[in-house]
2 protein chains.
Amino acid sequence: MNGKATTTRTKLERGRSALGPALELVHTGRAPTRAVLTSELGVTRATAGAVAAELEALGLIRVDSSPGSAAGSQGRPSHRLSVLEAGPVVLAAQVHADGFRAALVGLGGRIVATTPGCVAVMADPAQVLGEVVGAGAALLRASGLRCVGAGLAVPSAVAEPDGTALNPLHIAWPAGSPVRDIFSACVREAGITGPAFTGNDVNLTALAEHRHGAGRGAQHLLCVATGHRGVGGALVLDGRLHSGSSGLALEVGHLTVNPEGRPCHCGGRGCLDVETDPLAFLTTARREPGPEESLLKQAGDLLRAEYDDPAVRHAAEELIDRLGLGLAGLVNILNPDRIILGGLHRDLLEADPERLRAVVADRSLWGRSGSVPILPCTLAHNSLVGAAELAWQPVLDDPLAALA
Amino acid sequence: MNGKATTTRTKLERGRSALGPALELVHTGRAPTRAVLTSELGVTRATAGAVAAELEALGLIRVDSSPGSAAGSQGRPSHRLSVLEAGPVVLAAQVHADGFRAALVGLGGRIVATTPGCVAVMADPAQVLGEVVGAGAALLRASGLRCVGAGLAVPSAVAEPDGTALNPLHIAWPAGSPVRDIFSACVREAGITGPAFTGNDVNLTALAEHRHGAGRGAQHLLCVATGHRGVGGALVLDGRLHSGSSGLALEVGHLTVNPEGRPCHCGGRGCLDVETDPLAFLTTARREPGPEESLLKQAGDLLRAEYDDPAVRHAAEELIDRLGLGLAGLVNILNPDRIILGGLHRDLLEADPERLRAVVADRSLWGRSGSVPILPCTLAHNSLVGAAELAWQPVLDDPLAALA
DNA sequence: TGAGTTTGTGCCGCAACTAAACAAACTGCG
DNA sequence: CGCAGTTTGTTTAGTTGCGGCACAAACTCA
């Protein structure tokens with residue numbers, strides 16, 4: 001028991017501290033081969049080999065011993081690394097104004113299974129979360145996969161350390177609902193194993209995009225997105241979400257972007273919230289806004305379908321200018337090296353990318369000396385994948401401890 | 001050579017990876033005894049003992065074996081840890097509009113020796129830096145201490161990775177001056193050993209206050225300060241300076257704090273820069289501003305001496321309201337758990353702390369749920385100490401490598 | 001004086017590496 | 001086809017930083 005039993009046994013027992021970083025590299029696709037893993041980790045081939053073998057033994061990754069096709073380079077082809085398809089999953093859930101959804105997400109941000117989106121969001125968080133977790137548990141039973149945790153994305157700031165939803169404005173939940181506790185309770189009741197986490201949807205979008213989408217490789221990533229109403233922001237610094245001392249960072253909705261603008265419920269005027277959200281776009285374009293839960297779709301459709309209409313185009317340009325002013329302010333404060341936009345902001349960027357980039361470069365102090373790249377979000381269901389990232393984090397930090 | 005020679009030899013060879021964290025704990029005063037060091041590092045007593053012994057052997061700290069007085073607690077008294085007075089120093093320099101200064105700074109932020117401040121700053125950075133480094137080298141020769149690096153604080157944003165001063169507005173240096181290279185060259189020419197670093201003065205003030213002053217123990221520290229003209233900001237996140245992807249973060253001077261305010265050279269109106277700096281205070285108080293390089297002193301003296309004067313008081317209150325608006329905007333974006341103010345902002349805070357705290361709490365979104373503590377800077381020569389921190393950083397990261 | 005408490009130290013062992021030599025799997029050239 | 005050259009994987013033998021444990025030391029308190 002205490003001696004060195006066999007060679008295999010010895011290998012399985014080593015490689016602890018580099019295990020997490022190695023898994024994260026494979027998870028984010030930055031280590032496609034063992035050779036790359038070796039250089040990215042900054043360790044010897046022996047260590048990288050042992051670490052990869054242990055991750056394979058844990059059922060997390062796959063090591064392709066017979067690649068056959070590694071054209072171009074000389075030398076012995078490297079074994080390919082990939083996340084294991086039949087490996088464990090986490091339960092991810094998201095609640096938006098236009099419905100809620102549950103999914104199983106594997107390593108690499110791969111959505112294994114998902115429920116159809118439900119459209120009605122009830123006013124009682126416990127009821128909604130009970131239903132969404134129940135749907136996720138059903139998916140899990142059907143799949144037969146191992147579950148190592150659960151994550152939830154909500155359209156509200158989530159206060160630390162208590163985990164309450166401070167402003168679930170777009171859904172009819174009471175402010176201050178203890179969403180983290182409710183979600184944890186639902187997860188436990190459904191018999192799902194592993195810890196449960198809850199976070200703000202824009203934060204989780206940023207995290208997902210940083211790991212698997214348009215934010216890959218960015219050092220300091222700023223993400224700004226609209227829902228149906230209002231604007232949210234998020235910041236990923238050196239690969240870690242920055243949510244502030246009490247989870248309330250990047251509440252960017254009340255930056256002033258138009259001194260003569262619309263009054264805002266915060267007491268100011270011309271806040272980013274009321275000047276660049278879907279409702280602002282529709283009213284500026286002189287269209288009748290539809291029901292609250294479809295404003296984002298209505299605005300996006302209008303922007304894409306009728307960009308030739310002068311009123312629509314004018315409204316888009318006005319919003320782009322306001323958004324650019326807000327982004328420039330954030331650039332001056334945060335100095336990110338990449339910005340990604342979601343929701344209607346993403347549509348505005350795609351409608352006239354040059355205009356937005358010009359405004360940001362013009363109004364940010366250091367815009368001339370190399371302006372910041374501004375990109376659209378690329379992932380489908382990004383806040384769902386972000387919720388999964390939250391749940392995967394303990395495994396990425398210490399695979400042995402998290403799977404024990 | 002290869003075997004275990006003696007017990008002492010074995011001890012000297014161990015304890016590498018925890019060495020840096022341990023030194024940082026002693027350096028910042030968070031590990032007054034070996035027992036505290038043990039728990040703060042999260043290691044066993046054996047390891048902490050070995051680490052402390054090695055730091056002592058390196059000539060960095062002192063381990064008091066005979067304390068004699070540890071009243072209150074039971075049990076064997078712990079050995080006291082402190083930085084070694086006769087240990088190595090770094091050369092720290094600062095350049096401000098009202099003069100430049102050099103100093104020797106030891107571990108713990110202790111100023112060992114300093115030159116008298118020189119008042120005339122020439123337009124040629126090479127000349128100024130040559131003089132200040134020369135003065136520092138003279139101090140060093142006189143002291144006979146070992147020098148392990150050099151740090152410089154300048155009143156300008158310093159771009160990364162090239163190390164150029166982007167806006168040395170208050171001193172007559174050309175924008176884009178390669179201050180880091182110039183400083184490095186001067187340091188090498190003066191025969192000073194160790195690497196040379198250059199940073200923005202407000203950034204370095206924040207770093208110094210976080211390690212040795214009013215920011216001690218803060219998780220996310222925001223620092224805002226005025227010089228003679230304009231406003232600077234800095235952010236320390238989890239103990240590390242956040243200066244953005246290209247060193248340009250926290251350029252907070254162009255936050256809008258008064259939509260109907262003074263025009264600013266940035267193209268906007270009512271920026272923090274032009275609404276809350278010493279010149280704004282003097283003109284609001286209807287006083288004749290003196291020479292540029294003494295605006296800060298003039299404004300501070302006026303505020304302290306004539307606060308009873310209605311015009312002065314009104315000006316102070318107006319500036320406090322504007323500053324509060326700016327700080328509230330920053331709180332919404334950064335969610336720090338402490339704010340410290342320097343320059344005239346410090347004086348404004350001390351003139352009416354309640355008013356400023358009330359404005360910030362009222363205008364920041366989450367002010368009600370526990371407002372952010374706002375404190376004045378406490379360290380004398382804080383940007384000088386901050387420049388020293390920059391130079392100490394390699395030693396704190398890896399004492400063995402840095403002293404080799 | 002002795003029990004209880006807390007801290008420092010020596011010793012053993014081990015987990016997690018590195019270094020170096022060797023084996024394997026490819027490319028490309030003659 | 002065979003052989004050099006290149007890159008990658010594996011094995012073996014250290015090295016090292018640290019935990020665990022036992023014990024000694026230095027105090028307080030009864």
Side-chain angles (χ1 to χ4, degrees), chain A residues 1-22 31-56 63-81 398-401, chain B residues 1-22 31-54 56 63-81 398-400:
Chain A
M1 267 299 217
N2 52 349
K4 20 187 116 172
T6 67
T7 310
T8 314
R9 181 61 184 272
T10 307
K11 247 192 284 181
L12 275 176
E13 276 169 357
R14 54 194 317 195
R16 195 141 43 205
S17 102
L19 219 62
T33 66
R34 276 195 22 180
V36 176
L37 182 67
T38 302
S39 61
E40 286 289 311
L41 285 178
V43 297
T44 58
R45 289 197 296 270
T47 305
V51 165
E54 184 161 4
L55 288 176
E56 191 179 26
V63 182
D64 264 343
S65 303
S66 53
S69 61
S73 70
Q74 292 185 50
R76 175 174 174 174
S78 189
H79 293 178
R80 299 201 72 76
L81 302 178
D398 188 345
L400 279 181
Chain B
M1 270 300 215
N2 52 352
K4 18 187 118 173
T6 67
T7 309
T8 314
R9 181 62 186 272
T10 306
K11 248 191 279 181
L12 275 177
E13 278 170 353
R14 53 191 320 192
R16 196 145 39 207
S17 101
L19 219 64
T33 66
R34 277 194 21 180
V36 175
L37 182 67
T38 303
S39 61
E40 286 290 312
L41 284 178
V43 297
T44 58
R45 290 197 296 268
T47 304
V51 165
E54 184 159 6
E56 191 179 26
V63 181
D64 264 344
S65 304
S66 53
S69 61
S73 70
Q74 294 185 48
R76 175 175 174 173
S78 189
H79 294 179
R80 300 200 72 78
L81 301 178
D398 188 345
L400 278 180

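In what follows, chains carry the letters A, B, and so on, assigned in the order in which the sequence lines appear, proteins first and then strands, with residues in each chain numbered from 1.
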Closest non-hydrogen atom pair between B:R45 and B:R34, with its separation:
O-NH2, 4.5 Å

Those residues that, when tested against A:A31, pass side chain to side chain contact (heavy atoms under 4.5 Å, CB included) (two or more places apart)
A:L25, A:V26, A:L37

Rounded to whole Å, please give me the gap between CD in B:E56 and P in C:dT9.
10 Å

Quickly work out the A:Q74 CD to D:dG9 C1' distance and round it to whole Å.
18 Å

Proximity to DNA chain D (any heavy atom under 4.0 Å), residues of residues 31-39 of chain A only
A:R34, A:A35

What is the per-nucleotide protein-contact pattern of nucleotides 21-26 of chain D, from the 5' end, where B denotes a base atom under 4.0 Å from a protein heavy atom, S denotes such proximity for sugar-phosphate atoms only, and - denotes neither?
---BBB

Does a side-chain heavy-atom distance below 4.5 Å link A:L81 with A:V63?
yes

Taken to the nearest whole Å, CZ/A:R80 to C1'/C:dC26 is 15 Å

Between C1' on D:dG9 and CG on A:L41, what's the gap in Å once rounded to a whole number?
16 Å

How many whole angstroms separate atom CD of A:E54 from atom P of D:dT10?
15 Å

What is the separation between atom NE2 on B:H79 and atom C1' on D:dC27, rounded to the nearest whole Å?
12 Å

A:T33: side chain to side chain contact (heavy atoms under 4.5 Å, CB included) partners, not counting sequence neighbours
A:A35, A:V36, A:S78, A:R80

Measuring to OP1 and OP2 of C:dC17, would you say a side-chain N or O of A:S17 lies under 4.0 angstrom away?
yes

Say you draw a straight line from CG of B:D64 to CD of B:E56; how long is it, rounded to the nearest 0.5 Å?
9.0 Å

Indicate the atoms forming the closest heavy-atom contact of A:A48 with A:V43, along with that distance.
N-CG2, 4.0 Å

Does any non-hydrogen side-chain atom of B:L41 lie less than 4.5 Å from one of B:P21?
yes

Residue-phosphate contact under 4.0 Å: B:T47 side-chain N/O, D:dG19 OP1/OP2:
yes

In chain order, what residues pass the side chain to side chain contact (heavy atoms under 4.5 Å, CB included) check against A:T44, with sequence neighbours excluded?
A:A46, A:T47

